[in-house]
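Down below is the structure, laid out as structure tokens.
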Amino acid sequence: MTNTPQSIAVFGAGPGVGRAVARRYGKAGYDVVLVGRRREPLEQFAGELAAEGVRAHVVPADLTETGLVPALAERIREKAGDPTAIYYGPAPADPGFVSAADLRPEQLHELMPMTLYTLVSLVGEFLPAMIERGDGAILSAQGAAAVHGRSRMSGWSPALAAQRNYLQSLAAEVAGHGVHVGLLFIGARIIGTAADATFQAALAAGQPMPDLPTADPAELAELLWTMHAEREPRERIVPESLRAELS
């Protein structure tokens with residue numbers, strides 16, 4: 001990585017991996033741009049980062065509105081210039097997991113803008129500057145169902161699989177230009193997220209729940225940082241024991 005001023009735009013800066021990525025990159029001296037739907041929690045988190053010595057900027061945006069990406073990109077540039085790295089990890093309020101037999105086209109239609117279209121548009125905005133500098137990173141963390149379809153987990157998962165395919169192609173194309181594309185796929189409950197809270201509440205209520213491992217978002221962010229710093233691997237699945245199952 002270079003010694004020039006660097007920044008990361010975190011798209012999907014809610015509790016969990018997004019905030020952990022922001023904190024990890026801020027610790028390394030990056031300016032951080034926090035992008036999410038709601039201003040108030042972003043500003044609260046930006047205050048926490050500022051107390052830790054991190055320059056953090058807040059840019060509220062609805063990532064389902066792909067047509068607004070050019071304006072969003074300009075707002076980010078006003079705060080921190082063209083970012084050296086972007087992390088893309090927004091999740092829908094309802095991932096719409098259903099059986100594949102019950103999946104309907106309109107469900108995918110609703111999920112694709114945030115999952116894929118906005119990402120493609122953001123890459124179009126920020127990749128040229130990365131290539132010109134010869135340095136950059138495009139990072140994503142998503143559920144492991146993007147790698148291997150599972151019973152009754154259709155819905156958002158096919159959209160994530162499309163995102164993965166796009167990023168795989170992009171990784172192959174930009175590697176020779178100094179831009180790293182890193183994908184992290186998580187087959188675990190992420191501590192501190194809304195999904196984990198829902199799981200814990202259901203478990204406490206006596207509902208039958210799957211036996212899932214847990215993952216610390218700070219450790220996941222460290223994996224993404226290491227993938228970026230070392231420029232490999234392009235993809236990683238956690239926990240490691242899941243890799244053989246999904247191969």
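Predicted, not measured: the structure shown is a model, and the values here were computed from it. All values below were derived from every heavy atom in this structure, side-chain atoms included, with hydrogens, water molecules and symmetry-related copies excluded.
One finds a salt bridge joining R231 and D135 here, because a Lys/Arg side-chain nitrogen approaches an Asp/Glu carboxylate oxygen to under 4.0 Å. Salt-bridge annotation for K27 and E52: absent, with no side-chain N of the basic residue lying under 4.0 Å from a carboxylate O of the acidic one.
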Report task. Assess whether salt bridge (charged side-chain N to carboxylate O under 4.0 Å, His left out) is satisfied between R77 and E74, documenting all intermediate values. Result -> CA-CA 5 Å; R77 292 186 183 104; E74 284 307 308; 2.6 Å; yes
Report task. Please step through side-chain contact (heavy atoms from CB on, under 4.5 Å) for the pair F126 and I76, ending with a clear verdict. Result -> CA-CA 10 Å; F126 296 128; I76 292 170; 4.1 Å; yes
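H57 and D31 get closest at one heavy-atom pair: NE2-OD2, 4.1 Å. The two residues G36 and L42 make their nearest non-hydrogen contact at N-CD1, 3.5 Å. Annotation for A22 and V32: closest pair O-CG2, 3.5 Å, computed over non-hydrogen atoms.
With a 6.0 Å radius and a threshold of 12 heavy atoms from other residues, nucleotides or ligands, E132 has its CD atom at or below the threshold. Other residues, nucleotides and ligands place no more than 12 heavy atoms under 6.0 Å from the CD atom of E40. For R55, the CZ atom counts as loosely surrounded, since its 6.0 Å shell holds 12 or fewer non-hydrogen atoms of other residues, nucleotides or ligands.
A chain of hydrophobic side-chain contacts below 4.5 Å, direct or via other Ile, Leu, Val, Met, Phe, Trp or Tyr residues, connects L220 to L34. Grouping the Ile, Leu, Val, Met, Phe, Trp and Tyr side chains by contacts below 4.5 angstrom, directly or via other members, places M114 apart from L111.
Using cut-offs of 30° and 60° on the angle between ring planes, the pair W156 and F97 is tilted. Ring pair H228/H180 is parallel by interplanar angle, where below 30° counts as parallel and above 60° as perpendicular.
S154 places no side-chain N or O within donor-acceptor distance of the main-chain N or O of V98, the cut-off being under 3.5 Å. Q163 contributes no side-chain N or O that, together with a main-chain N or O of L116, makes up a donor-acceptor pair within less than 3.5 Å. In this structure a side-chain-to-backbone donor-acceptor pair under 3.5 Å is present from R75 to P60.
A donor-acceptor pair shorter than 3.5 Å can be found between the side chains of T118 and T66.
Interatomic distance, L184 CG to I186 CD1, rounded to the nearest 0.5 Å: 4.5 Å.
Counting heavy atoms from C-beta outward, F185 and V238 have side chains that stay 4.5 Å or more apart.
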